[in-house]
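These numbers come from a predicted model, not from an experiment.
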Amino acid sequence: MYDPRVFREPVSNVQELRKPLDVDDERNFLFLKAMKSDATPVFYRDSVIDKLIRVCTKDGEKETSRKNVLSALEIIKRRQYKAWAKANDEEKKSIELDPFVIAKKGIKNCHPLMKLQGVTRGGTTYQVPFPIEEPEAEFRAMKMMRDICRVRAKHGETHFKDILATELLAASQNEGSTITAKQELHKTCEANRAYAHYRA
């Protein structure tokens with residue numbers, strides 16, 4: 001789509017944007033690629049949270065999804081601040097108040113290392129474990145968390161935003177249903193490692 005001889009990568013860092021370009025910089029006389037919507041330099045947008053909003057979108061209702069995710073982050077902030085207010089001076093240092101940091105840490109902890117993929121050999125389909133790259137691992141972690149939250153919300157336990165806030169907080173401490181689902185997937189991959197030679 002973009003000719004590498006003519007186009008260069010856009011700058012999405014605010015500090016980099018404020019610095020003047022060097023005289024020898026290629027961007028003085030070449031074109032820049034169009035910036036992706038989730039790579040915007042504004043401080044109140046985050047690429048991981050934007051991806052989570054897209055993953056949680058259902059039937060094209062992106063505004064509803066954004067409202068749910070941002071409400072979940074607000075709930076996390078309120079819970080953490082309550083814990084911080086009750087804690088003593090030593091404990092306050094270890095309590096993270098930024099919900100974006102907590103959410104990203106929770107999603108990072110849920111990243112699976114492997115995936116199961118059906119491979120047919122001789123009329124039989126085997127569930128073969130495959131290693132996965134970082135972007136796909138991030139997507140699968142969000143998808144697992146979303147599905148767990150939807151099932152629990154459908155059963156009428158509470159609203160989606162409350163369940164998502166609870167899951168993100170728990171996942172940031174390596175606890176919760178999504179971490180359990182990831183460990184179960186790894187156990188299944190370990191049990192099916194005899195089929196690994198079917199990858200090719």
Side-chain angles (χ1 to χ4, degrees), residues 1-57 60-85 87 89-113 115 131-146 161 164-165 167-174 178-179 182:
M1 185 175 180
Y2 292 105
D3 188 345
R5 294 170 298 179
V6 182
F7 288 89
R8 293 293 175 266
E9 292 296 328
V11 179
S12 58
N13 190 327
V14 180
Q15 273 69 35
E16 288 291 324
L17 282 172
R18 288 173 181 162
K19 292 177 184 176
L21 292 174
D22 295 332
V23 179
D24 301 329
D25 198 314
E26 293 179 330
R27 287 173 292 180
N28 283 317
F29 50 87
L30 292 177
F31 298 103
L32 292 180
K33 296 178 185 176
M35 191 181 292
K36 293 181 181 177
S37 62
D38 59 352
T40 176
V42 294
F43 70 91
Y44 52 82
R45 291 282 295 277
D46 187 272
S47 59
V48 177
I49 302 303
D50 282 351
K51 189 172 182 179
L52 180 61
I53 289 169
R54 291 197 299 272
V55 169
C56 292
T57 301
E61 297 283 345
K62 194 169 184 180
E63 280 306 312
T64 306
S65 175
R66 180 178 283 110
K67 186 178 176 184
N68 282 333
V69 172
L70 295 181
S71 297
L73 295 178
E74 184 182 344
I75 291 167
I76 291 171
K77 176 82 172 180
R78 290 178 185 277
R79 288 182 188 174
Q80 291 297 96
Y81 185 74
K82 280 182 184 177
W84 182 86
D89 293 336
E90 285 296 318
E91 292 171 343
K92 281 181 179 179
K93 295 176 184 176
S94 62
I95 295 175
E96 179 60 60
L97 293 176
D98 188 352
F100 286 89
V101 173
I102 293 169
K104 287 195 280 189
K105 185 181 177 185
I107 292 166
K108 178 80 174 173
N109 289 346
C110 295
H111 283 198
L113 301 174
K115 67 175 178 180
I132 52 179
E133 298 294 329
E134 189 75 16
E136 188 180 356
E138 185 177 66
F139 168 73
R140 286 178 175 271
M142 292 177 181
K143 189 168 178 284
M144 277 193 297
M145 187 175 288
R146 177 202 70 187
K161 59 186 179 183
L164 182 60
E167 273 300 311
L168 286 170
L169 265 173
S172 68
Q173 297 162 4
N174 269 318
T178 314
I179 296 291
K182 180 189 85 167

Taking only residues two or more places apart in sequence, or in another chain, which ones meet Arg78 in a side chain to side chain contact (heavy atoms under 4.5 Å, CB included)?
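For Arg78 the side chain to side chain contact (heavy atoms under 4.5 Å, CB included) partners, ignoring immediate neighbours, are Glu74.
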Side chain to side chain contact (heavy atoms under 4.5 Å, CB included) with Arg18: which residues, sequence neighbours excluded?
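Applying side chain to side chain contact (heavy atoms under 4.5 Å, CB included) to Arg18 gives Val14, Gln15.
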For [X] versus [Y], what's the shortest heavy-atom pair and its separation?
X      : Y      : answer
Leu168 : Ala103 : CD2-O, 4.0 Å
Met142 : Val48  : CE-O, 3.4 Å
Ala72  : Ala165 : O-CB, 3.5 Å
Lys182 : Cys110 : CD-O, 3.4 Å
Ala141 : Pro112 : N-CD, 4.1 Å

So, the side chain of [X] versus the backbone of [Y]: is there a donor-acceptor pair under 3.5 Å, distance only?
X      : Y      : answer
Glu167 : Thr178 : yes
Thr57  : Ile53  : yes
Ser172 : Lys105 : no
Arg146 : Val55  : yes

Any side-chain heavy atom of Asn28 within less than 4.5 Å of one from Val23?
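In short, these two side chains do not touch, never coming nearer than 4.5 Å.
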Sub-4.5 Å side-chain heavy-atom contact between Lys51 and Ile107
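Lys51 does not reach Ile107 side chain to side chain.
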Count the heavy atoms belonging to other residues, nucleotides or ligands that lie under 6.0 Å from [atom1] of [X], then report whether that count exceeds 12.
X      : atom1 : result
Glu16  : CD    : yes
Tyr2   : OH    : yes
Lys143 : NZ    : no
Phe7   : CZ    : yes
Lys67  : NZ    : no

When rounded to the nearest 0.5 angstrom, what is the spacing between [atom1] in [X] and [atom2] in [Y]?
X      : Y      : atom1 : atom2 : answer
Glu136 : His111 : CD    : NE2   : 11.5 Å
Lys77  : Tyr81  : NZ    : OH    : 9.0 Å
Leu113 : Lys115 : CG    : NZ    : 13.5 Å
Ser71  : Ile76  : OG    : CD1   : 11.0 Å
Phe29  : Arg8   : CZ    : CZ    : 8.0 Å
Ile102 : Arg79  : CD1   : CZ    : 11.0 Å

How would you list, by chain and number, every residue that makes a side-chain hydrogen bond (donor to acceptor under 3.5 Å, both in side chains) with Asp3, sequence neighbours excluded?
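Listed in chain order: Arg5.
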Against Lys104, only a single residue in Asp46, Asn109, Leu52, Asp98 fulfils side-chain contact (heavy atoms from CB on, under 4.5 Å); can you say which?
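Passing option: Asp46.
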Salt bridge check: are Glu134 and Lys108 linked by an N-O gap of less than 4.0 Å?
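Looking at Lys108 together with Glu134, the answer is yes, because their closest N to O distance falls below 4.0 Å.
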